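Structure first, then comments.
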Amino acid sequence: MNDDYTPQQRLSEVNKAIQAVLLGGQSYKLGSRSVSRADLALLKAMRDELEAAIVNEVPTPLFGDTYVAFFEGR
């Protein structure tokens, strides 16, 4: 991928690749030629990393994917 892509643009491309694998299969053969798409598990891992990177770009007083809970009444 081009390094000029933003994480949002990369996420869009990864989602398109996942969709292509889901709709067209992991690999196919045309005559004597064989075509294999990217590994679905790898694409999903890339998607998770990009989503985390996008979440971490937003300034917040908490850590990414962190929740606060208060337990009272002990």
Side-chain angles (χ1 to χ4, degrees):
M1 284 186 174
N2 186 341
D3 286 343
D4 295 334
Y5 280 57
T6 66
Q8 291 85 357
Q9 290 170 320
R10 287 184 182 188
L11 179 60
S12 176
E13 293 300 317
V14 168
N15 283 329
K16 288 177 190 176
I18 290 171
Q19 189 70 12
V21 170
L22 293 175
L23 293 177
Q26 191 70 50
S27 63
Y28 59 93
K29 193 171 186 175
L30 293 172
S32 62
R33 294 182 181 227
S34 178
V35 176
S36 294
R37 293 189 172 96
D39 180 57
L40 185 58
L42 177 62
L43 289 170
K44 287 182 176 182
M46 288 175 65
R47 180 189 60 195
D48 293 345
E49 289 176 13
L50 287 167
E51 287 175 344
I54 291 168
V55 167
N56 289 330
E57 285 181 346
V58 178
T60 177
L62 300 174
F63 297 108
D65 294 335
T66 302
Y67 300 92
V68 176
F70 294 96
F71 299 97
E72 297 180 18
R74 286 184 135 197

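This one's a predicted model, so the numbers in the text were calculated from it and none came from an experiment.
- Residue Leu50 comes nearest to Pro7 through the heavy atom pair CD2-O, 4.1 Å, listed as atom of the first residue, atom of the second, then distance.
- Remark: Leu40 pairs with Ile18, Val21, Leu22, Gln26, Lys44 by the side chain to side chain contact (heavy atoms under 4.5 Å, CB included) rule, at least two apart or across chains.
- Residues satisfying the side chain to side chain contact (heavy atoms under 4.5 Å, CB included) test with Asp48, not counting sequence neighbours, are Glu51.
- The side chain to side chain contact (heavy atoms under 4.5 Å, CB included) check on Ser12 picks up Lys16, with sequence neighbours excluded.
- Using modelled atom types, no side-chain atom of Arg47 and backbone atom of Asn15 make a donor-acceptor pair closer than 3.5 Å.
- Listed by chain and number, the residues in a side chain to side chain contact (heavy atoms under 4.5 Å, CB included) with Glu49 amount to none (sequence neighbours excluded).
- Cluster note: Leu23 groups with no other residue, as no ILVMFWY side-chain heavy atom lies under 4.5 Å from it.
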